[in-house]
2 protein chains.
Amino acid sequence: MPETQFTAAQLAVPPRTSSIRSPRPVVRSRIVGENHTLLYEGGRNRSLYRVVDGCVVLSQLLDDGRRQITDVLGPGRLFGFTVDGRNIATAETLSVARIEPLGDADLNADDPAIARELKATLHRMQAHATLLGRKTASEKVASALVELARLFNRAARNGAPARLSFHLHLTRADLADWLGLTVETVSRCLNRFKREGLIDFSHPKTMRVLDPERLDATAGFSRQRANDAARP
Amino acid sequence: MPETQFTAAQLAVPPRTSSIRSPRPVVRSRIVGENHTLLYEGGRNRSLYRVVDGCVVLSQLLDDGRRQITDVLGPGRLFGFTVDGRNIATAETLSVARIEPLGDADLNADDPAIARELKATLHRMQAHATLLGRKTASEKVASALVELARLFNRAARNGAPARLSFHLHLTRADLADWLGLTVETVSRCLNRFKREGLIDFSHPKTMRVLDPERLDATAGFSRQRANDAARP
DNA sequence: AACCTCTGTTGACAGCTGTCAACATCTTGC
DNA sequence: GCAAGATGTTGACAGCTGTCAACAGAGGTT
């Protein structure tokens with residue numbers, strides 16, 4: 001069994017971050033190992049699932065094997081949405097993960113919380129489309145780091161000052177498939193960021209952000225979008 | 001006023017293609033001119049809208065002006081979804097369009113038909129992410145043509161054999177912003193397809209598919225995805 | 001009709017990113 | 001502990017696509 005990134009004690013106390021409740025008072029969540037495929041694109045399933053803890057990615061394949069990771073899910077996110085009863089995407093764990101089934105997908109279809117989740121997902125997907133279509137390699141990798149840091153930074157739940165250190169659940173290949181790049185380009189960007197003092201990592205998956213502001217700037221994020229006047 | 005693509009008679013009989021009903025028995029739809037911005041990303045609105053006829057695109061902007069068209073909407077599609085009360089995307093008409101408000105967005109949030117529309121939209125967004133991240137320029141342009149042909153080919157509603165001729169509502173720049181390319185690359189691909197006998201166009205926006213199968217192949221579509229058995 | 005602007009096309013060229021290859025490092029299994 | 005495979009890094013090189021520029025054509029205005 002590969003390394004896990006949380007302890008037995010953490011697994012024993014699944015956090016509740018979402019307002020979505022299943023009809024049954026007690027829901028049996030299950031622990032799934034790393035690199036386990038939960039759902040296949042085009043397959044059938046009649047339940048939604050929530051990621052309670054861990055990391056799950058959604059992906060699609062082209063005929064010749066090219067892969068696109070369409071979403072990276074952390075704690076609280078839902079997956080298993082279907083169109084015409086068919087799974088939209090393949091779902092795989094990138095870590096040991098706690099998964100909670102939410103019951104019949106169609107029964108839950110009119111749950112306002114589900115609609116809210118769908119709209120939030122849509123929002124993320126659109127932002128990612130902008131990344132894929134209009135950002136450079138450096139901006140893509142920087143954006144990914146910012147987003148993953150936000151996703152998996154909750155290690156410091158106990159009120160401790162959240163150090164900008166987090167576990168990169170994705171391999172370089174996963175990052176490449178998420179960002180529309182190649183492993184080589186991802187590796188080059190990460191190591192350039194490291195040389196420039198933006199981030200640091202000794203182990204390839206143990207990331208630490210050293211200069212959050214410069215990383216944000218590299219990501220092409222507009223911290224000012226709210227404050228700034230629109231340009232001429 | 002620029003050219004319109006439907007007649008007064010067609011406008012007088014708005015087709016009902018969706019099962020989504022508004023609470024009021026009579027809904028007042030409105031006609032909007034070409035190149036009209038209906039909603040701004042980040043702005044507030046408290047209604048969903050349906051495209052009854054015409055073409056609407058959703059887009060996002062980066063700070064330096066780079067634009068990504070995240071979705072192209074034809075008849076029947078909904079837009080105006082919000083997260084935290086804020087519009088997810090900017091919505092613009094690319095043609096004279098008939099738009100129908102669907103009432104309070106939050107009131108409709110638990111409508112099963114809305115959830116279905118959201119899931120269908122999610123599906124399209126994921127497919128487009130795969131296009132943006134993993135397809136070549138030729139595959140992107142071919143995919144766009146196939147999709148737009150399907151979207152705007154309903155000209156032949158009267159049972160006539162649907163000729164594979166359709167109106168491209170998007171400019172070359174719009175196509176580029178949708179596909180993550182430049183106008184020059186889009187233009188080169190379209191004219192190459194023309195030289196190769198895949199498509200034809202005299203007017204830049206009057207497209208005609210001459211060889212649907214070869215176009216599908218160029219788009220990298222898997223015609224088997226539906227027939228295929230789900231994998232283990 | 002003439003003019004102007006926007007859109008589209010085409011060519012030359014460059015550069016970002018992909019491809020190929022070799023090697024290093026980490027992980028896993030024996 | 002060692003071997004073998006998977007993952008990550010780095011360099012050389014190439015090519016797809018972007019950039020820049022000039023021009024053509026269409027649409028709209030006076």
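Protein chains get the first letters and strands the later ones, always in sequence-line order, with residue 1 at the start of each. Note that the structure is a prediction, hence the values are computed from the model and not measured.
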Side chain of A:E184 only, please: which of D:dT17, C:dT9, D:dT10 is the nearest? D:dT10

Closest listed nucleotide, where the reference is the side chain of A:T136 and the choices are D:dT9, C:dT9, C:dT17: C:dT17

Could you tell me the separation between the [atom1] atom of [X] and the [atom2] atom of [N], rounded to a whole number of Å?
X	N	atom1	atom2	value
A:F193	D:dT9	CZ	C1'	16 Å
B:D174	C:dT7	CG	P	9 Å
A:R172	C:dA24	CZ	P	19 Å
B:E139	D:dC16	CD	P	13 Å
B:E34	D:dG28	CD	C1'	13 Å
B:L170	C:dG8	CG	C1'	15 Å
B:L175	C:dT9	CG	P	10 Å
A:I199	D:dG8	CD1	C1'	14 Å

For the residue pair [Y] / [X], report whether a side-chain donor-acceptor contact shorter than 3.5 Å exists.
X	Y	result
A:Q60	B:T130	yes
B:R188	B:T185	no
B:S187	B:R172	no

From the list A:R30, A:R50, A:R28, side chain to side chain donor-acceptor pair (under 3.5 Å) with A:E100 holds only for A:R50

Using the C1' atoms of five pairs at each end, what's the angle between the two axes of the helix from C:dA1-D:dT30 to C:dC30-D:dG1, to 10 degrees? 50°

On DNA chain C, does the nearest nucleotide to B:V183 precede the nearest nucleotide to A:V186 from the 5' side, or the other way round? Give the residue. B:V183

Please figure out whether B:F201 or A:S138 has its closest DNA chain C nucleotide nearer the 5' end. B:F201

Please state whether the base of D:dG8 and the side chain of A:R188 form at least one donor-acceptor pair under 3.5 Å? no

Determine: side-chain N/O of [X] to OP1/OP2 of [N], distance under 4.0 Å, yes or no.
X	N	result
B:H203	D:dG27	yes
A:T185	C:dG18	yes
B:N191	C:dG8	no

Students often get this wrong, so: under 4.0 angstrom with heavy atoms, is A:L181 touching a base, only sugar-phosphate, or nothing? sugar-phosphate

Is B:D177 salt-bridged to A:R134, cutoff N-O under 4.0 Å? yes

Within a radius of less than 6.0 Å around OH of B:Y40, do more than 12 heavy atoms belonging to other residues, nucleotides or ligands occur? no

Check: B:N87 and B:F81 side chains under 4.5 Å, non-hydrogen atoms: no

